[in-house]
Asker: 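Structure provided below as structure tokens; questions to follow.
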Amino acid sequence: RNVMITSRDGVKLAANLHLPARNGSLASGRFPAIVERSPYNKDAVPASLINQYVAAGYAVVIQDVRGRYASEGTWRPVRDDGADGAELLKWIGEQPWSNGKVGTMGTSYNGSTQHAMAIANAPHLTAMVPVDAMSNYGRYGIRHNGAFELRWFNWLLTLGNATGTRAGATGLTQS
């Protein structure tokens, strides 16, 4: 938990790292990795999802984006996601447990962080599964064919501006 990975400008970004184990001990070998980068709190990713991939022999890395939850810095939505994601994938590729292949996963904003990594030509990026992810902010998601979507205010004023909080069934709570 909270492995701090230093970015190009010295800001430390927090990630949870889950490695495959055999008989209760860390498995030897080199593994492909699955990555999710999120502004919604890396600790909120369900353990059942992580455990499914780890049991199948994948390393799983879940990272809070810059300025969110355990990561340092200032969150500037979209702006830093490409470079920060590319640096994370480079870091993964340099680890002794990595086989140099990285796949990404995530829905919504977590999906758009994948698009940003691909646009930044992230090293070791082998596969992506962006679900319901925005890729062209001028046409869909924030704007619809150029017109600002008012529903965007809901995200902006709740989850999008909720540093250190998380959404629950009864509203926002401190994390």
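All heavy atoms count here, side chains included; hydrogens, waters and symmetry mates do not. For this chain, numbers begin at 1 and follow the sequence in order.
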Asker: With side-chain contact (heavy atoms from CB on, under 4.5 Å) as the test, pick out the partner of V65 among P39, P77, S71.
Answerer: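 Single pass found, and it is P39.
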Asker: Taking S98 for its side chain and G100 for its backbone only, find out whether a donor-acceptor pair lies under 3.5 Å.
Answerer: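 Yes: the side chain of S98 pairs with the backbone of G100.
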Asker: Find the distance between CD1 (I34) and NZ (K101) and round it off to the nearest 0.5 Å.
Answerer: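 NZ of K101 is found 13.5 Å from CD1 of I34.
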Asker: For E36 versus G106, what's the shortest heavy-atom pair and its separation?
Answerer: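 Scanning both residues completely, I find the closest heavy atoms to be OE2-CA, 3.7 Å.
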Asker: I'd like to know if the side chain of T6 and the backbone of G10 have a donor-acceptor N/O pair within less than 3.5 Å.
Answerer: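 Checked: no pair found.
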Asker: With side-chain contact (heavy atoms from CB on, under 4.5 Å) as the criterion, how do I50 and V45 come out once you've worked through the C-alpha distance, each side chain's angles and the decisive distance to 0.1 Å?
Answerer: CA-CA 8 Å; I50 294 167; V45 175; 4.0 Å; yes
Asker: Can we say D80 and R37 salt-bridge, meaning some charged N sits less than 4.0 Å from an Asp/Glu carboxylate O?
Answerer: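 Result for this pair is no, no salt bridge flagged.
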Asker: Let me check something: do L49 and V60 share a hydrophobic cluster, defined by ILVMFWY side-chain heavy atoms less than 4.5 Å apart, either directly or through other members?
Answerer: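 Result: yes, single cluster for both.
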Asker: Ignoring hydrogens, what is the shortest heavy-atom contact between P32 and G57? Give both atom names and the distance.
Answerer: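 Shortest heavy-atom separation between P32 and G57 comes out as CD-O, 3.8 Å.
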Asker: Quick check: do P130 and H115 have side-chain heavy atoms less than 4.5 Å from each other?
Answerer: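 They are in side-chain contact.
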Asker: Does W75 have R68 sitting over its ring (NZ/CZ under 6.0 Å from centre, angle to axis within 45°)?
Answerer: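 Judged by the rule (NZ or CZ under 6.0 Å from the ring centre, within 45° of its axis), R68 counts as positioned above W75.
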Asker: The test is side-chain contact (heavy atoms from CB on, under 4.5 Å); show your working for L13 and R66 and say whether it passes.
Answerer: CA-CA 6 Å; L13 304 179; R66 176 182 295 253; 3.8 Å; yes
Asker: Would you mind reporting whether E87 and R8 have side-chain heavy atoms less than 4.5 Å apart?
Answerer: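 Yes, at least one pair of side-chain atoms sits under 4.5 Å.
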Asker: State plainly whether one hydrophobic cluster holds both V54 and I62, where clusters connect Ile, Leu, Val, Met, Phe, Trp and Tyr through side-chain heavy atoms under 4.5 angstrom apart.
Answerer: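 Shared cluster, yes.
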Asker: Side-chain donor-acceptor pair under 3.5 Å between Y109 and D81, yes or no?
Answerer: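 Yes - a donor-acceptor pair under 3.5 Å links their side chains.
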Asker: Return the minimal non-hydrogen interatomic distance between A120 and G82, and the atom names on each side.
Answerer: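 Reported closest heavy-atom pair: CB-O, 3.5 Å.
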Asker: Stepwise, does the side-chain hydrogen bond (donor to acceptor under 3.5 Å, both in side chains) test hold for D132 with T107?
Answerer: CA-CA 6 Å; D132 292 330; T107 302; 6.0 Å; no
Asker: Looking at every heavy atom in both A70 and M4, which two are closest together, and how far apart are they?
Answerer: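 Heavy-atom minimum between the residues: O-CE, 3.6 Å.
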Asker: In the hydrophobic clustering that connects Ile, Leu, Val, Met, Phe, Trp and Tyr at side-chain heavy-atom distances below 4.5 Å, which members other than M128 occupy its cluster, ordered by chain and number?
Answerer: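 Traced through the cluster, M128 reaches V3, I5, L17, L19, L26, F31, V35, V61, L88, L89, W91, I92, W97, V102, M117, L125.
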Asker: In plain terms, say whether R76 and D84 are close enough for a salt bridge, that is, a side-chain N and a carboxylate O under 4.0 Å apart.
Answerer: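 Result for this pair is no, no salt bridge flagged.
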Asker: Just wondering, more than 12 heavy atoms not from R79 lying within 6.0 Å of its CZ?
Answerer: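 Counting neighbours around CZ of R79, 12 or fewer heavy atoms of other residues, nucleotides or ligands fall under 6.0 Å, so no.
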Asker: Could you go through N16 and N2, starting from their C-alpha distance and side-chain angles, then the distance that decides it, and tell me whether this counts as side-chain contact (heavy atoms from CB on, under 4.5 Å)?
Answerer: CA-CA 5 Å; N16 290 346; N2 291 321; 4.3 Å; yes
Asker: Under the criterion side-chain contact (heavy atoms from CB on, under 4.5 Å), I'd like the reasoning laid out for Y53 against H18: C-alpha separation, chi angles, the key distance, then a yes or no.
Answerer: CA-CA 9 Å; Y53 289 119; H18 308 270; over 6 Å; no
